[in-house]
Structures are given as C-alpha cells and as structure tokens.
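Here is the structure we will look at.
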Amino acid sequence: MTTPTTLVADAIGGGEVFAVDREARTIRGRAMPYGVVGVKAGQRFQFDKGAITFGDSRRVKIYVHHDKHHAVGFAAELVDTDEGLDYVAKIARGPLGDEALTMAEDGVWDGASVGPHEGVKFALRDGVYHAVHYPLREISLTPQPVFDDARVTAVSMSHHTKEGNNMPENDPTTEAAQPTTLDFDALTTSLGEAVQGAIRDGFANVTFPQRGEVDPTTASFEVNEPSPYRFDGLAGEHSFSDDLRAYASGHDSEARQRIETFMAESWESQFAVTTTGTSALNPVKNRPDLWVPNLTFTRPLWDLVTNGNLDDDTPFTIPKFSSATGLVGPHVEGVEPTPGAFTATKQTVTPEHMSGKVEIVREVWERPGNPKADAIIWGEMMNGYFEAIEADIAATLNAIAGEINLGGAVDSALVTALTNVLVDLQFVRGGNRYTALALDGMLGKALVNAEGGDGRRLLPVLGPTNAQGTVEPGFDGVQLGNLRGRFAWALGATAASKSHLFVPSSVYAWASAPKRFNFEYRLAAVDLAIWGMSASAVTRDSDVKPIDYTTADA
C-alpha cells in the first residue's frame, strides 16, 4: 500500500558521552535503526535495509523538526549498514547552525527523524507497516522521536579564533571602534559597468555609524529580514567586501547570489524608487505551506496499555480465569489426590464505530496550494480520531470501582503514602505486577511540587541525591523508584479525577486505521468523511487500582 508523503519516521539519540572537535561542524549518528518496530499515530512501522533510498548524500538536507525554513546543513555522508542508516551531518555556519550544534551537544535535540520525497510505499504484514520504498529527502533533529535504537554519537563544533587570542574573530571587545571603509575602486575593477555604477550610486549616501550607534531615524535602507551584511562596525554573517571579491572572480555562486539578492532588495530604499500605485501588482498571497495546525494530541494512555488492531466490528470474546481450588496439596503415600476444581469464564468485547464528515465547497476543494484544504482538514479529523480513542481508555479505567484515597497529602507525607502503596503490593498474593501508572493533574502536580522540610524537592529534575525518585526533564511524568508515572491529560485535573495504577496485560485498547472517504456527487461541495472502530476493556478488575488524591470527589 502507499502512505502519505508526510509520514516521517523518528529515531531517538542521546545516552553517550559526546566527542567534540572544536575545528569541525558535524553531527554523527544513526538516522534509522533496522528491524525495530516503532509506534506513531497508533500505527506500527518497521524499516529494513534497502528500503531507504538516496542518491548524492549532499542533496539530503538537515532540518530541525521537519521545518524546511529551519534547514541547518546537509548530509556529508550516508552509510547503509546491516544495523541501520548512519549519517554524518555537515552543519552550516550562522545562528541556526550554532543552535543546532549546541542543542545536539547538550542532549536536547538528540533524536533523528527521516523525511521522504513523494513515492513512499509500505506493506502491511501482521499489523506492522514495513517500509518497501522510502526515498530520503531530509533528516531532522528532534527531541521526541519514535524509534528508540538510534543515537547521536558525536557533535563537532568550530570556534575559529585569532592566533594567540581566545576571543572570536571580529568580537567587538577585541578591537577599537572604527568607522567602516570600503575601497570600491579595488573591489569593482573586474565588475561590469552596470554593477559598478549601481554600487557607487547606492552607497553614496549610506552612513556607516560607529559600533552601537545605529540611528533608525537616519538609516538609509531597511530590510524585512536580517541582512547577510552589517555596516555598523560589528561582524555580519558574511563579509560584503569578501563577497564582492568572490563575485568578481566568478567562482563562488553563493556569494554571487547573496550580492545580487542584497542589491535587489535594497534597490528601493537605496535608489529612491517610489512605490506609489504598485499595490495592485502585489496582491495578498495565501501561504498554505505556513499553515498553523491545531495542537497534536499526545497519547500516554494508549502507550501504557496493551493495544492492538481491529479489522472489523464483529464482537469477540476473551477467555478468562474464574476460580480454582484444591489443585495442589500435600501428597499421602498410596492415596489418590482429591480432584481439584477449576472454572473459566469469558468476556465479550464489542467494538464501537466512530465517524465524521466535513462539507468542503467546490471552490475551496479545487484551490491550489500545498498542503491543500482537504489535507489540512483531514489532519484535524485524524487528531479528533486519536483524541476519542484516548478518552475511551480513560473512561474504561474510571469505570473500575474502589479506590486508594491519599487524603490530599502533601510533600513528604504524599511521597511516603504513595511509596507505602507500592511496598504493600509486594506482599499481596502473587507479588507486585503493577508496572503502569497513569497520573491525573491533581496527583501529578502534587508529586512534582513535593518538598522536604528544608525546601528541597523530594522528586527533583536534577541531582536526585538521597531522593526516592525524580521528575522527568520534560515535566511529563515522575519516576518513583523504578516505576515511571506518565501524566495523562485525558484523566483530567479536578477533584473528581483519579490516577490509575494497573497491570498493562490486563488493560486493552484496540483501534482500526481510520478510513478516508471522498464523496463528489454534488457540484456545490465535496464531502470528506472519516470512519473507524475502537474498543477498550479491563480483563481483570483487581489489576487496576484507582488512586484518588483528594478527599472529596466533587
């Protein structure tokens, strides 16, 4: 089958000591592990060697968060190994590139995510979408990837300095403030007559102030985006004089493009070209490529429970243990054991349907742009689909009777009370099997803010010395001993909300892949519809322990 070209596949980094070479600007790591199943938007994906294709590695760009307007480099090297696709990213100079290197070195953007060209193909086998053809377009740095087996292994950063001085070159603290001067006769000797004249006339009235003395009321030009050059005595991203020399030599296409773009954008202000009456030539443009979508829902409950796929809406039964007595006892020599008793039962699960429809007028449906209106609306319908599944799991958990009431305890009393709950479970029949903890907004926030008598956080983000646990750096969960509690927005954050400690193998959620339907039976509008199924169930009620933080449920 063919999947939308917007699908991206992520792999997490971090966990190793970075090797930093201050003379280079590279990031090394694994872009995609092979043979590993990852879950994204409720679907399972796997990549194997040979599925990802690419040509010249330099044409594969390095983005941040799949934003083409946040491109920071290119793939200097791509190596397809048996374990995964490894890459060496060459990071561009400038603020964006510096930020990418710093965030990767500090372990924030330590994940990798691959993005494709058009023509992506996947094959569905045993509930897993296997990549068949994935033409590689870009590799993005990201803090929250899907695949967990790839790592950024090295970050190399450059820091060019003057000989015998640790301060960066052109640092304003290392030189006396001097007016900027340009020798245009020397720079423009080999330039064409038109370019020479434009440069001379354009800069005839430009005032180069001292450092820190730019006066916006007297500046002779204005640009809407940061200029590649600065004329106030401070170092710009590029040197105007160096680019002029490169332009004259004809060997540097990038310098030529910067010079020509700068002259074109500055022409209006530098050469007093009036813009009166030109508004009709510059109509307002729609920019769907800059579409600002609705928020994307995280799915902590789906991630915590045991989940599976639905192929149809046929109800199904789950066989379950009911009771047993006298199955094992002391043996008496020569005496036949008394037969024991064993009974089983079953639980019926009935999938529920979900659907939705939007009418899109024909004019909007046919309007060009990328993404088109139908893709934008479909993305929001997908968000609603997954939100409904998360809410269904929360409702199933909240339906379990009985609760552990913490009585609104705070600080050390709260941590002690919750710790005692976990310790007591070790002494119930069979031992503690409760390895999943979904926290509502009341208990989760109280744990984050719990303090000791000295004002120190009992579950700190950093430096957990002599602490029972920690708070996740992203403030999306807590770690109490070896039990990780996830914050679940679907559980709510009111006095009536509850957290849930449960055995993952006893709580199930199923969902089908949402189906898209386009109905074009009318001229005036097109119907865009979504259809799918979901179900959730607790197979053993005793394996779910509701936890009520407050003393009142209303």
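Just so you know, residue 1 is the first one in the sequence shown, and it goes up from there.
- Side-chain atoms of T81 come within 3.5 Å of backbone N or O of E83 as a donor-acceptor pair.
- Residue V364 comes nearest to A373 through the heavy atom pair CG1-CB, 3.5 Å, listed as atom of the first residue, atom of the second, then distance.
- The CG atom of L85 sits 10.5 Å away from atom CZ of F47, with the distance rounded to the nearest 0.5 Å.
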Worksheet item: Could you walk me through whether V349 and Y508 pass the side-chain contact (heavy atoms from CB on, under 4.5 Å) check?
Response: CA-CA 10 Å; V349 177; Y508 284 84; over 6 Å; no

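- Shown here is R456, whose CZ atom has more than 12 heavy atoms of other residues, nucleotides or ligands within 6.0 Å.
- Heavy-atom neighbours of K61 NZ from other residues, nucleotides or ligands within 6.0 Å: above the threshold of 12.
- Within the 4.5 Å cutoff, the side chain of D543 has no heavy atoms near those of the V538 side chain.
- By the neighbour-count criterion of 12 heavy atoms within 6.0 Å, atom NZ of K320 is densely surrounded, having more than that number from other residues, nucleotides or ligands.
- Looking at K357 and F519, their side chains never come closer than 4.5 Å, going by heavy atoms from C-beta outward.
- Checking side-chain atoms of D56 against main-chain N and O of R58 turns up a donor-acceptor pair under 3.5 Å.
- In this structure, OH in Y87 is found 11.5 Å from CG in L136, a value given to the nearest 0.5 Å.
- The ring-ring contact (aromatic ring centres under 6.0 Å, His included) analysis of residues 371-393, with sequence neighbours excluded, yields no pairs.
- The side-chain heavy atoms of S499 and M442, taken from C-beta on, include no pair separated by under 4.5 Å.
- When atom types are taken as modelled, the side chain of T306 and the backbone of P504 share a donor-acceptor pair closer than 3.5 angstrom.
- Few gaps surround CD on Q347; more than 12 heavy atoms of other groups in view lie less than 6.0 Å from it.
- At least one donor-acceptor pair closer than 3.5 Å links the side chain of N307 to the backbone N or O of W302.
- Between D80 and K49 there is no salt bridge, since no side-chain nitrogen of the basic residue lies less than 4.0 Å from a carboxylate oxygen of the acidic one.
- Distance check: L528 CG to E520 CD gives 10.5 Å after rounding to the nearest 0.5 Å.
- Other residues, nucleotides and ligands place more than 12 heavy atoms under 6.0 Å from the CG atom of D312.
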Discussion item. Using the rule given for side-chain contact (heavy atoms from CB on, under 4.5 Å), can you reason through K545 versus L425, listing the C-alpha separation, both sets of side-chain angles and the distance that settles it, and then say yes or no?
Written reply: CA-CA 11 Å; K545 302 289 186 185; L425 289 175; 4.3 Å; yes

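- With rounding to the nearest 0.5 Å, the separation of CD1 in I360 from CD1 in I376 is 10.0 Å.
- For R25 (side chain) and K90 (main-chain N/O), no donor-acceptor pair under 3.5 Å exists by modelled atom type.
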Discussion item. For a side-chain contact (heavy atoms from CB on, under 4.5 Å) check, start with the C-alpha distance between L491 and N398, then their side-chain angles and the critical distance, and finish with the verdict.
Written reply: CA-CA 8 Å; L491 295 178; N398 288 330; 4.3 Å; yes

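- Judged by distance alone, the side chain of R457 and the main-chain N or O of N449 form a donor-acceptor pair under 3.5 Å.
- At most 12 heavy atoms of other shown residues, nucleotides or ligands fall within 6.0 angstrom of atom CD in E254.
- Of all heavy-atom pairs between D392 and S536, the closest is OD2-OG, 2.8 Å.
- Taking all atoms of both residues into account, the shortest heavy-atom contact from P460 to A467 is CD-CB, 3.9 Å.
- The shortest non-hydrogen separation linking P135 to T53 is CA-OG1, 3.3 Å.
- Of the possible polar contacts, none joining the D98 side chain to the L101 backbone as a donor-acceptor pair under 3.5 Å is found.
- Of the possible donor and acceptor atoms, none in the side chain of T396 sits under 3.5 Å from a partner among the backbone N and O of A537.
- Under the 4.5 Å side-chain criterion, counting only non-hydrogen atoms from C-beta, T298 is not in contact with F487.
- With values rounded to the nearest 0.5 angstrom, E472 atom CD is found 8.5 Å from R486 atom CZ.
- For the pair L459 and Q479, the tightest heavy-atom approach, listed with the atom from each and the gap, is CD2-O, 4.3 Å.
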Item to complete: Go through the steps to decide whether V526 and D374 satisfy the test side-chain contact (heavy atoms from CB on, under 4.5 Å), and finish with yes or no.
Response: CA-CA 10 Å; V526 175; D374 64 313; over 6 Å; no

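- Residues V544 and Y434 are not in side-chain contact: their nearest non-hydrogen atoms beyond the backbone lie 4.5 Å or more apart.
- Counting non-hydrogen atoms of other residues, nucleotides and ligands closer than 6.0 Å to CZ of R484 gives a total above 12.
- With S57 contributing its side chain and A75 its backbone, the two residues share a donor-acceptor pair below 3.5 Å.
- Distance alone, capped at 3.5 Å, is enough to place a donor-acceptor pair between the S512 side chain and the M533 backbone.
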Worksheet item: Between K68 and E138, does a salt bridge (Lys or Arg N to Asp or Glu O under 4.0 Å) hold up when you go through it step by step?
Response: CA-CA 9 Å; K68 67 180 180 180; E138 51 92 4; over 6 Å; no

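- Put simply, the side chain of L78 does not reach to within 4.5 Å of the side chain of D86, judged on heavy atoms.
- Scanning all heavy atoms of the two residues, the minimum distance from A488 to A438 falls at CB-CB, 4.4 Å.
- Within the 4.5 Å cutoff, the side chain of E99 has no heavy atoms near those of the V64 side chain.
- Summarising the geometry, atom CH2 belonging to W531 is positioned 8.0 Å from atom CZ belonging to F517; distances are rounded to the nearest 0.5 Å.
- Counting only heavy atoms from C-beta outward, the side chains of I389 and M354 approach each other to under 4.5 Å.
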